[in-house]
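To start, the structure under review is shown below, and the notes come after it.
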Amino acid sequence: MITTVVAIQLASCLGYFAVAAHLVAHLRHDLGLLAGTVGLILGVQAGLQSALLLPVGAITDLLGPRRTGAIACALRALGFVLLGTVDGVGPLLCAAVVLAVGGALYNPAAQCLLAGVGPGRRSRGFAGYVAMQHVATVFGPVMGLAILSVGRGFTPLAATAAALWTIGGVLFLLMPHGGRRPALGRPRELFEGVRTVFGDRSFLLFALAASPTTLLANGMLTAVPLLDFSPAAATLCFCVLAAVAAAAQPFVAAGHRGERPWVLRLGLLCAAAAFCVLAPLDGTRTVPLLIAAVLNGLSNGLIQPAIFQRTARHAPPGHFGAYYGVLQSAAGLFSFAGDLLIGRLFDLGTAAATAALAGLGAFALAAAIAVRDP
């Protein structure tokens, strides 16, 4: 099962990052959309996907991860087909909605499967899952550029992404049944899972303390282009970040280190250090940028497994999806609000931009202090 989930992750993430790296250029230059319209399309996808995580986690428990994962991949494939074939704002917003729903369904389904394996294999399985995401972060944009170079526009790239997500959906369906059977005839279980999470005060406090983690993981992706670093420097930064995060996975998986509280705290402290290094930069100093990338990559590599392991330990059998949904919806909404604030501060000038990045470091430090031992 672990091998299949890792293969699904590689195929899906390659398809996603191959398109995501070149989507803004397609919308802006190929279709001639205004920057505000591009922001609206991307914002609808990110905001809706975050908002859906709360109910979708419980729906995953109800339907079962195999069915949910197959539906997620089918929706994502349809969304990429739409991106490659439509050009109006309305149809593009429809594509964004379809992609958001598919994205909200995908991660709970894949992580539910990993949470269902034995504790002895869970750490290695999730390490492979995270590593494939970061491998795809590096190679997906390169693959997308190669397809754009030999193809005729954006459509072949979108079709390739749709094909990769279709492969992921087929692999979900080929997954053997295991563990608790989904209760399709008992929709009341949807609300039972949510009630269980909101009755777990310890987990809710953890979810609140960990809510900045998505913003911290994505903050550099937003900040580095806004700091006026060259495309080459930004690409190098993101590749270094992803490579470090992937390289950290064997360390986290060995000896079940991901289950230890200090791993999460260390990851948050690395994030705080990364944004403190990044805050005073002005787009001309590449060496400090790469130091920040290493620190942020190490942070991502430590935080993701630690949060997964904490959630898997808290969740009763059959309710991992609900727990995951509550945690990630809180993190997603925090990230959505944080991105809006950071963008506004960058518009106000250099001093405000520096304050925004220093604020991200402060959030990371506060989270490291607030996270309690299980």
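In this structure, the separation between CH2 on W165 and OG on S12 is 4.0 Å, given to the nearest 0.5 Å. Of the inter-residue distances, the one linking I71 atom CD1 with L63 atom CG reads 5.5 Å to the nearest 0.5 angstrom. If you take OG1 on T68 and CG on L62, they are separated by 8.0 Å, rounding to the nearest 0.5 Å. Taking CG of N300 as the reference point, atom CG of L295 lies at 11.0 Å (rounded to 0.5 Å). In this structure, CZ on R285 lies 12.5 Å from CG on L290, to the nearest 0.5 angstrom. Separation of atoms CE (M132) and SG (C13) is listed at 10.0 Å; rounding is to 0.5 Å.
At least one donor-acceptor pair under 3.5 Å links the side chain of S299 to the backbone N or O of G267. Formation of a donor-acceptor pair under 3.5 Å by the Q49 side chain with backbone atoms of V101 is not found in this model.
Counting all heavy atoms, side chain and backbone alike, N296 lies closest to F275 at ND2-CE1, 3.9 Å. The nearest pair of heavy atoms linking I307 to A210 is CD1-CB, 4.4 Å. Nearest heavy-atom pair, A364 versus A271, reported as atom, atom and distance to 0.1 Å: CB-CB, 4.0 Å. Closest of all the heavy-atom pairs between T155 and G84 is OG1-O, 2.7 Å. Taking each heavy atom of G79 and A95 in turn, the nearest pair found is O-CB, 4.0 Å. When all heavy atoms are compared, the tightest approach of A100 to Q45 is CB-O, 3.4 Å.
A chain of hydrophobic side-chain contacts below 4.5 Å, direct or via other Ile, Leu, Val, Met, Phe, Trp or Tyr residues, connects F17 to M143. Both L204 and L327 belong to a single network of hydrophobic side chains, linked directly or stepwise wherever heavy atoms of I, L, V, M, F, W or Y lie under 4.5 Å apart. Under the 4.5 Å side-chain heavy-atom criterion for ILVMFWY residues, a single connected hydrophobic cluster contains both L48 and L93. L23 and V138 fall within a single hydrophobic cluster, where Ile, Leu, Val, Met, Phe, Trp and Tyr are joined by side-chain heavy atoms under 4.5 Å apart, directly or via other members. L208 and F198 fall into different hydrophobic clusters, where Ile, Leu, Val, Met, Phe, Trp and Tyr side chains are chained together by heavy-atom contacts under 4.5 Å.
Between V240 and V294 the shortest side-chain heavy-atom distance falls below 4.5 Å. Using a 4.5 Å cut-off on side-chain heavy atoms (C-beta onward), L174 and T4 make no contact. For the pair I41 and L33, the minimum side-chain heavy-atom distance is below 4.5 Å. Residues T214 and F334 form no side-chain contact, since every pair of their non-hydrogen atoms from C-beta on lies 4.5 Å or further apart. Contact check for L31 versus F154: no side-chain heavy atoms found under the 4.5 Å cut-off. Between L114 and Y129 there is a side-chain heavy-atom pair separated by less than 4.5 Å. Counting heavy atoms from C-beta on, the side chains of T350 and D282 never come closer than 4.5 Å. With contacts defined as side-chain heavy-atom distances shorter than 4.5 Å, the pair I167/L171 qualifies.
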**Message:** Using the rule given for side chain to side chain contact (heavy atoms under 4.5 Å, CB included), can you reason through C73 versus F172, listing the C-alpha separation, both sets of side-chain angles and the distance that settles it, and then say yes or no?
**Reply:** CA-CA 9 Å; C73 290; F172 266 116; 3.8 Å; yes
**Message:** Between I369 and L268, does the side chain to side chain contact (heavy atoms under 4.5 Å, CB included) criterion hold? Intermediate values first, please.
**Reply:** CA-CA 9 Å; I369 296 171; L268 290 166; over 6 Å; no
**Request:** Evaluate side-chain hydrogen bond (donor to acceptor under 3.5 Å, both in side chains) for Q304 paired with H134, printing each intermediate quantity in order.
**Result:** CA-CA 12 Å; Q304 283 183 279; H134 292 296; 3.2 Å; yes
**Message:** As a quick check of understanding, evaluate side chain to side chain contact (heavy atoms under 4.5 Å, CB included) for L99 and L83, giving each step before the final call.
**Reply:** CA-CA 10 Å; L99 288 169; L83 279 183; 3.6 Å; yes
**Working for side chain to side chain contact (heavy atoms under 4.5 Å, CB included), residues R310 and V371** = CA-CA 11 Å; R310 180 77 69 92; V371 170; 3.9 Å; yes
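Relative orientation of the F126 and F308 rings is parallel, given thresholds of 30° and 60° on the angle between their planes. Ring orientation note: the planes of Y16 and F80 are nearly perpendicular, at an angle over 60° on the 30°/60° scale.
Taking the ring centre of Y106 as origin, the terminal cationic atom of R76 falls outside the region bounded by 6.0 Å and 45° from the ring axis.
Partners of H26 under the side chain to side chain donor-acceptor pair (under 3.5 Å) rule, at least two apart in sequence or in another chain, are D30.
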